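Remember, it's a predicted structure, so these values are computed and weren't measured experimentally.
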Amino acid sequence: MADSTKSSVSINAAPAEVLDVIADFDGYPEWTGQIKKAEVLSEDEQGWPLQVRLTLDAGVIKDTYVLAYTWDVAEDGTGIVSWELVKSSILKSLDGVYRLTGDSETTNVVYELTVDLSLPVIGMIRRKAEKTIIETALKGLKKRVEA
């Protein structure tokens, strides 16, 4: 992903536990901060969500959008979860990836995100928004998994 923002966190749990929280979209309103509602629209034959409708309320930015997910993960939970924007009223793109590595006790999660709004926004402000989204999500994910 060109021109994206990236950050990482270490979580005291096995990758499979972290992956379970990432895949539990019903729980997103409880730990993500800005996501107020999440609805799985379709799943693959293994039960992984393929398309998800999310309702975002991040103060000045409010939107309902659909993301398409790809689950390239191993049985132990390591691997890559990626998504791309399918439909939105104010976003031109919202593409991201979680990269999970680790062992039975610790997971390193790298989160990379690219956001592009339909509205004109200065690059520095867009990058700050990406960083805020990433940091909030990683802190929330860590807290949720370790609780």
Side-chain angles (χ1 to χ4, degrees), residues 1-88 90-117 124-147:
M1 277 178 261
D3 200 25
S4 61
T5 301
K6 180 172 32 173
S7 189
S8 64
V9 68
S10 181
I11 299 176
N12 296 320
E17 294 175 62
V18 176
L19 185 62
D20 285 347
V21 171
I22 291 171
D24 177 22
F25 288 97
D26 290 340
Y28 273 43
E30 299 169 20
W31 65 267
T32 59
Q34 299 102 343
I35 301 296
K36 301 307 176 193
K37 185 178 177 187
E39 177 188 3
V40 175
L41 302 176
S42 64
E43 298 178 338
D44 69 13
E45 55 279 349
Q46 284 93 31
W48 294 111
L50 291 176
Q51 287 204 348
V52 181
R53 179 182 299 123
L54 300 148
T55 301
L56 172 75
D57 185 349
V60 295
I61 300 175
K62 294 175 177 27
D63 195 15
T64 297
Y65 53 92
V66 176
L67 298 178
Y69 282 82
T70 302
W71 304 84
D72 185 12
V73 292
E75 212 168 293
D76 68 355
T78 59
I80 297 171
V81 178
S82 59
W83 60 91
E84 61 183 28
L85 185 67
V86 174
K87 182 168 75 170
S88 170
I90 65 168
L91 298 167
K92 277 206 283 192
S93 72
L94 181 64
D95 301 337
V97 63
Y98 282 118
R99 297 179 202 285
L100 285 75
T101 57
D103 55 36
S104 62
E105 296 179 13
T106 307
T107 304
N108 186 50
V109 180
V110 176
Y111 183 178
E112 193 170 345
L113 185 68
T114 302
V115 178
D116 194 8
L117 298 169
M124 184 177 71
I125 294 171
R126 182 182 51 77
R127 294 294 295 264
K128 183 173 171 68
E130 288 173 354
K131 186 159 181 57
T132 300
I133 290 167
I134 288 173
E135 295 302 325
T136 301
L138 287 176
K139 285 178 189 171
L141 179 62
K142 180 176 174 69
K143 185 176 177 183
R144 178 78 171 197
V145 172
E146 292 181 352

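With rounding to the nearest 0.5 Å, the separation of CD1 in Ile90 from CG in Asp63 is 4.5 Å. Atom CG of Leu100 sits about 7.5 Å away from atom CD1 of Ile11, to the nearest 0.5 Å. Taken from NZ in Lys36 to NZ in Lys62, the straight-line distance is 9.0 Å, to the nearest 0.5 Å.
Ser93 is linked by a side-chain hydrogen bond (donor to acceptor under 3.5 Å, both in side chains) to nothing, counting only residues two or more places apart in sequence or in another chain. Ser104 pairs by the side-chain contact (heavy atoms from CB on, under 4.5 Å) definition with nothing, not counting sequence neighbours. When the side-chain hydrogen bond (donor to acceptor under 3.5 Å, both in side chains) test is applied to Gln51, no partner is found at least two apart in sequence or on another chain. Under the side-chain contact (heavy atoms from CB on, under 4.5 Å) criterion, Thr101 pairs with Asn108, not counting sequence neighbours.
A donor-acceptor pair under 3.5 Å links the side-chain atoms of Thr107 to the main chain of Ala13, judged by distance alone.
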Point to revise | CA sep, side-chain torsions, deciding dist, call: Leu113, Leu94, side chain to side chain contact (heavy atoms under 4.5 Å, CB included) | key: CA-CA 7 Å; Leu113 185 68; Leu94 181 64; 3.7 Å; yes

Please set out all donor-acceptor pairs under 3.5 angstrom arising from side-chain atoms of residues 72-82, sequence neighbours excluded.
from  : atom 1 : to    : atom 2 : distance (Å)
Asp76 : OD1    : Thr78 : N      : 2.9
Asp76 : OD1    : Thr78 : OG1    : 2.7

Tell me which donor-acceptor pairs under 3.5 Å the side chains of residues 14-28 have, and how far apart each pair is, sequence neighbours excluded?
from  : atom 1 : to    : atom 2 : distance (Å)
Glu17 : OE2    : Ala14 : N      : 3.4
Tyr28 : OH     : Ile22 : O      : 2.6

Distance-only criterion, 3.5 Å: show the donor-acceptor pairs between side-chain atoms of residues 137-147 and protein atoms not counting sequence neighbours.
from   : atom 1 : to     : atom 2 : distance (Å)
Lys142 : NZ     : Ser10  : O      : 2.8
Lys142 : NZ     : Glu146 : OE2    : 2.9
Arg144 : NH1    : Glu30  : OE1    : 2.6
Arg144 : NH2    : Glu30  : OE1    : 3.0
Glu146 : OE2    : Asn12  : N      : 2.7
Glu146 : OE2    : Asn12  : ND2    : 3.4

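Sequence neighbours left out, the pairs with a member in residues 38-50 that pass salt bridge (Lys or Arg N to Asp or Glu O under 4.0 Å) are Glu39-Arg53.
You'll find the side chain of Leu56 stays beyond 4.5 Å of the side chain of Thr64, heavy atoms only.
When each of Leu54, Val52, Thr55, Asp57 is paired with Ile35, the side chain to side chain contact (heavy atoms under 4.5 Å, CB included) condition holds for Leu54 and for no other.
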